[in-house]
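Data block below; observations after.
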Amino acid sequence: MSVTIESSGNLMIAYLIGELDHHTAVQVRTKIDNAISYIKPNHLILDFKNITFMDSSGIGLVMGRFRLMQNHKGSVEIRNVTPQTKKIMELAGLGRIAVINEIKEYKNENGK
């Protein structure tokens, strides 16, 4: 699991790559939190396009970054999730704290 951070002005994007589980979540949280503390963005985008697996640690990751961004008077957006992941995130209540956008070029198992 890795994370790549990009920033421009008051925007920070964290591109999450690989498997996000309880073994990898700590290092990802630390890297994102350190970048937030240094950059102090108004808006954080968590990009899930390259996540191959996610357990409940992904929900915790989003909730914790939301709380941190609230301390900085900022907002969170979740980007490029599969429809299934979006549904799980919404059931967990993340839709009330962040905008959740599905992956644009997503195709289901029937190729649609």
Side-chain angles (χ1 to χ4, degrees):
M1 173 78 210
S2 67
V3 60
T4 302
I5 307 285
E6 289 182 4
S7 67
S8 176
N10 291 323
L11 172 66
M12 185 176 117
I13 304 173
Y15 296 94
L16 306 169
I17 304 161
E19 295 185 0
L20 181 56
D21 59 24
H22 69 280
H23 296 292
T24 60
V26 173
Q27 69 187 43
V28 172
R29 280 194 308 261
T30 300
K31 187 168 183 180
I32 294 171
D33 290 356
N34 288 341
I36 290 171
S37 295
Y38 179 74
I39 297 167
K40 298 184 182 2
N42 290 336
H43 189 67
L44 170 65
I45 297 173
L46 298 171
D47 191 303
F48 281 75
K49 183 176 184 178
N50 293 306
I51 289 293
T52 56
F53 171 82
M54 182 184 86
D55 65 11
S56 60
S57 300
I59 303 296
L61 177 87
V62 174
M63 291 174 69
R65 287 349 85 215
F66 169 73
R67 284 193 284 283
L68 184 57
M69 287 301 294
Q70 274 191 316
N71 292 339
H72 291 280
K73 310 284 190 256
S75 60
V76 175
E77 177 183 342
I78 304 163
R79 186 180 284 175
N80 291 324
V81 295
T82 64
Q84 296 88 349
T85 301
K86 181 179 180 182
K87 185 174 183 176
I88 291 167
M89 288 181 168
E90 287 176 341
L91 288 170
L94 296 184
R96 292 189 303 268
I97 65 171
V99 174
I100 304 172
N101 295 309
E102 288 181 27
I103 195 165
K104 300 292 186 220
E105 64 274 0
Y106 177 79
K107 292 182 181 177
N108 66 21
E109 57 274 0
N110 297 322
K112 297 181 182 178

Consider only side-chain heavy atoms of I, L, V, M, F, W and Y, link residues closer than 4.5 Å, and tell whether [X] and [Y] are in one cluster.
| X | Y | result |
| --- | --- | --- |
| Leu44 | Tyr15 | no |
| Ile32 | Ile78 | yes |
| Val62 | Ile13 | no |
| Ile100 | Leu16 | yes |
| Tyr38 | Leu68 | yes |

At their closest point, which heavy atom of [X] faces which heavy atom of [Y], and how far apart are they?
| X | Y | value |
| --- | --- | --- |
| Ile59 | Ile88 | CD1-CG2, 4.4 Å |
| Leu61 | Leu20 | CD2-CD2, 3.9 Å |
| Pro41 | Ile36 | CD-O, 3.7 Å |
| Ile51 | Ile17 | CD1-N, 4.2 Å |
| Val76 | Phe66 | CG2-CA, 3.7 Å |
| Met12 | Ile39 | SD-CD1, 3.8 Å |

Who pairs with Asp33 by salt bridge (charged side-chain N to carboxylate O under 4.0 Å, His left out), at least two apart in sequence or on another chain?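 Here the qualifying residues are Arg65.
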Might you confirm whether atom CE of Met63 has over 12 heavy atoms from other residues, nucleotides or ligands at distances under 6.0 Å?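 Check fails, neighbour count at 12 or below.
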Is the number of heavy atoms from other residues, nucleotides or ligands under 6.0 Å of Lys87 NZ greater than 12?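 Check fails, neighbour count at 12 or below.
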Give a yes or no on whether the backbone of Glu19 and the side-chain of Thr24 come within a donor-acceptor separation of less than 3.5 Å.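 Yes.
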Under 3.5 Å, is there a donor-acceptor pair between the side chain of Ser8 and the main chain of Leu11?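 Judged by distance alone, no pair lies under 3.5 Å.
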Taking the side chain as every heavy atom from C-beta outward, state whether Lys73 and Asn42 have any atom pair closer than 4.5 Å. no
Can you confirm whether Val26 sits close enough to Arg29 that some side-chain heavy atom of one is under 4.5 Å from a side-chain heavy atom of the other? yes
Enter the distance from [X]:[atom1] to [Y]:[atom2] here, rounded to the nearest 0.5 Å.
| X | Y | atom1 | atom2 | answer |
| --- | --- | --- | --- | --- |
| Leu94 | Lys86 | CG | NZ | 12.0 Å |
| Asn71 | Lys40 | CG | NZ | 11.5 Å |
| Phe48 | Ile103 | CZ | CD1 | 12.0 Å |
| Ile97 | Met69 | CD1 | CE | 12.0 Å |
| Met89 | Glu102 | CE | CD | 11.5 Å |

List the residues meeting side chain to side chain donor-acceptor pair (under 3.5 Å) with His43, not counting sequence neighbours, and say none if there are none.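 With neighbours one apart ignored, the set is Ser75, Glu77.
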